[in-house]
Amino acid sequence: MSTPIDWHVRAKTAAFATDAWIDGRYTPAADGKRFARISPIDGRHLADVAFCGVADVDRAVASGRAAFADGRWSKLAPAARKKILQRAADLIDAHADELALTETLDMGKPIADSLAVDVPGTTRCLRWFAEAVDKIYDEIAPTGPHALALITREPVGVVGAVVPWNFPMIMAMWKLAPALAAGNSVVLKPAEQSPLTALRLAALFAEAGLPDGVLNVVPGDGPVTGRAIGLHGDIDAVGFTGSTEIGKLFLQYSGQSNMKRVWLECGGKSPLIIMRDCRDLARAAEIAASAIFYNQGEMCTAGSRLLLDAPIRDEFLDLVLGHARARNIGNPLDIATDVGAMVEQRHMQRVLEYVAVGAAEGARLRVGGAQVRAETGGFYVEPTVFDQVTPTMRIAQEEIFGPVLAALEFDGIDQAISIANGTIYGLGSAIFTRDIDTALRASRALRAGLVYVNCYDADDTTVPFGGFGQSGNGRDKSLHAFDKYTELKTTWIALS
Ligand code: NAD
């Protein structure tokens, strides 16, 4: 049996790529600016990372455009692209320990999750799109005998990918894999809170044979680097994952520049409806706790609203409270930790402010609600549960993006659905019932891109992921993701 890895020891010697990746090589920002990466685990300084400005984004886009125009990637046979992307997935797997450690140090999630979820989720996605790309056929329209009308898909050109920090590699790969597989060039901007794994991935893609210029990575903040991507006149489409507030800005950037396609995966306030006939309350409570506390609640699909049928309310809530208390908050480098650090101090403060808002609004705090482990220099918040929440309270309406659960009560399925649909969002949703009619009725009535029945956060690359309403537009994952990164062309050929 091999000795378990001591991640604390490994962390001491961890080294990171810190320059931007433009035109196939690491390069500092043109003006030499850098920003500090502080680990949320203990406040330690990790690295100073290149802060890309407008000039760097211009360089990256020009490199992507040149690569696209000469066809070094865009005109490669799909099977050849597939091979290179599969090789990249193999290399990512081969560097799993290094990447998992980097992810954990940079954004604070437990190392066990980085190893079990983030790295394999990244390569699964990449392999799936690589595999798909030489199995998709174009179409011929049934126009009649006097014409041949071809309906073909072409890569859009240069894609900007702007991603958040909660699953840095996976969120990046949900954009990169379909965009690259389809033949585009990509300029990726990781979140300023978690740029390190994206910078490493770029070199692994190059090692796999991805031609220079096809993938560029420009670290920096939102108002400078992200905005430069949003407003760029030579970017053809943007794939964005992040908050609804910033998603709206990208729609404006597009209107102010070149009408680039803007695809948005934004926030959520996802409801879990627990009916009185729920088959297994204990199992459902375990799922409900995981839906809000996994990844410190930093989940777009966090099941942040728990809608409880009156007769089972107290019993169910007690079970969830038990799970909240049992969570092991600890150093993310300890393999047994299941609640790690919030990504940064500012975000932790925001979450704690919401706890104060909930109490001030009259909700009852049942467990948690405080910062813990402050002596470590890191940013940790206890799993937190409020009950006696009413639908119009801010903690029932606004995305907190932390481990804060709002429990509400309903009377009958109609009221449950009305409460569930009563926010600006529409990302995840779930119903727990043993009645097939109730399940189907709810699944049709719930205004959400994802409806789970007797489960939550089930995940597979084969199914589309995205939201209704202000949770966004377009879908990541599945063959539908290609819609975002390809243009549809009709070619009429007259036949004599
Ligand atoms: P955010 O919106 O603050 O940032 C997302 C990205 O946008 C970052 O790269 C950031 O640098 C950039 N950005 C910020 N301000 C910008 C500006 N003014 N102009 C251009 N770009 C700007 O979001 P976050 O805090 O990184 O992530 C949390 C949010 O992401 C939550 O709302 C969460 O629900 C959402 N999210 C959604 C999904 C999904 O698939 N629907 C998945 C994960 C996270």
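Ligands are counted one by one from 1 in listed order, and the atoms in each one are counted from 1 as well. We're numbering straight along the sequence, starting at 1.
Nearest protein neighbour of atom 7 (O) of ligand 1, counting heavy atoms only, is F240 CE1, 3.3 Å. Protein heavy atom nearest atom 33 (C) of ligand 1, with residue, atom name and distance: F401 CE1, 3.1 Å. Remark: minimum distance from atom 14 (C) of ligand 1 to any protein heavy atom is reached at G222 CA, 3.5 Å. Considering only non-hydrogen protein atoms, atom 24 (P) of ligand 1 sits nearest to W165 NE1, 3.4 Å. Distance from atom 35 (C) of ligand 1 to its nearest protein heavy atom, with residue and atom name: G242 O, 3.2 Å. Residue, atom and distance of the protein heavy atom nearest to atom 41 (N) of ligand 1 are C266 O, 2.8 Å. Among protein heavy atoms, the minimum distance from atom 10 (C) of ligand 1 is reached at E192 OE1, 3.6 Å. Protein heavy atom in closest approach to atom 19 (N) of ligand 1: Y253 OH, 2.7 Å.
Against a heavy-atom cut-off of under 4.0 Å, V162 is close to the following atoms of ligand 1: 6 (C), 7 (O), 9 (O), 12 (C). Interface atoms of ligand 1 facing M171, defined by a heavy-atom separation under 4.0 Å, are 42 (C), 43 (C). For ligand 1, the atoms closer than 4.0 angstrom to any heavy atom of E265 are 37 (C), 38 (C), 39 (C), 40 (O), 41 (N). Each of the following atoms of ligand 1 lies closer than 4.0 Å to a heavy atom of G267: 32 (O), 34 (O). For ligand 1, the atoms closer than 4.0 angstrom to any heavy atom of N166 are 43 (C), 44 (C). Proximity to G226 (heavy-atom distance under 4.0 Å) selects the following atoms of ligand 1: 20 (C), 21 (N).
No donor-acceptor pair under 3.5 Å is formed between the side chain of K175 and the backbone N or O of V162. Of the possible donor and acceptor atoms, none in the side chain of S290 sits under 3.5 Å from a partner among the backbone N and O of E286. Side-chain atoms of K109 come within 3.5 Å of backbone atoms of N166 as a donor-acceptor pair (strictly under, hydrogens ignored). Although no hydrogens or angles enter the test, the distance criterion places a donor-acceptor pair under 3.5 Å between the side chain of W73 and the main chain of L180. Within the 3.5 Å criterion, the main-chain N or O of C266 finds no donor-acceptor partner in the side chain of S243. The closest donor-acceptor contact from the side chain of K260 to the backbone of S254 lies at 3.5 Å or more, if one exists at all. Without hydrogens or angle criteria, R394 side chain to G358 main chain gives no donor-acceptor distance under 3.5 Å.
Between W174 and F465, the ring centre distance stays below 6.0 Å.
Proximity of E245 to ligand 1, defined as any heavy-atom pair under 4.0 Å, is not found for any part of the residue. Here F250 has side-chain heavy atoms under 4.0 Å from ligand 1, and that is the only part of it that gets that close. With a 4.0 Å heavy-atom cut-off, ligand 1 is reached by the backbone of V163 but not by any atom from C-beta on. For L427, every heavy-atom contact with ligand 1 shorter than 4.0 Å involves the side chain, none the backbone. When non-hydrogen atoms are compared, ligand 1 lies under 4.0 Å from neither the backbone nor the side chain of H347. The backbone and the side chain of T241 each have at least one atom closer than 4.0 Å to an atom of ligand 1 (non-hydrogen atoms only).
When each of L408, I395, I292 is checked for a side chain to side chain contact (heavy atoms under 4.5 Å, CB included) with R305, only L408 meets the rule. Between V119 and the options T197, D113, D93, a side chain to side chain contact (heavy atoms under 4.5 Å, CB included) holds for only D93.
For atom 27 (O) of ligand 1, the nearest non-hydrogen atom from the set P190, P164, P219 comes from P164. The option with the heavy atom closest to atom 1 (P) of ligand 1, from among A302, A191, S243, is S243.
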Under 3.5 Å donor-acceptor pairs involving side-chain atoms of residues 420-427, not counting sequence neighbours:
{"unit_1": "N421", "atom_1": "OD1", "unit_2": "R447", "atom_2": "N", "d": "2.9"}
{"unit_1": "N421", "atom_1": "ND2", "unit_2": "A445", "atom_2": "O", "d": "2.9"}
{"unit_1": "T423", "atom_1": "OG1", "unit_2": "Y425", "atom_2": "N", "d": "3.0"}

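Protein non-hydrogen atoms do not reach within 4.0 Å of atom 4 (O) of ligand 1.
Residues M171 and E265 are not in side-chain contact: their nearest non-hydrogen atoms beyond the backbone lie 4.5 Å or more apart. L199 is listed as a side-chain neighbour of P219, based on a closest heavy-atom distance under 4.5 Å.
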**OP:** Evaluate side chain to side chain donor-acceptor pair (under 3.5 Å) for N258 paired with H232, printing each intermediate quantity in order.
**Re:** CA-CA 8 Å; N258 61 346; H232 207 286; over 6 Å; no
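For C300, no nitrogen or oxygen atom sits less than 3.5 Å from a nitrogen or oxygen atom of ligand 1, counting backbone and side chain alike. Taking any N or O of D476, backbone or side chain, none lies under 3.5 Å from an N or O belonging to ligand 1. For ligand 1, none of its N or O atoms has an N or O atom of T244 under 3.5 Å away.
Relative to the six-membered ring of F293, R327 misses at least one condition, a distance below 6.0 Å or an angle of at most 45° to the axis.
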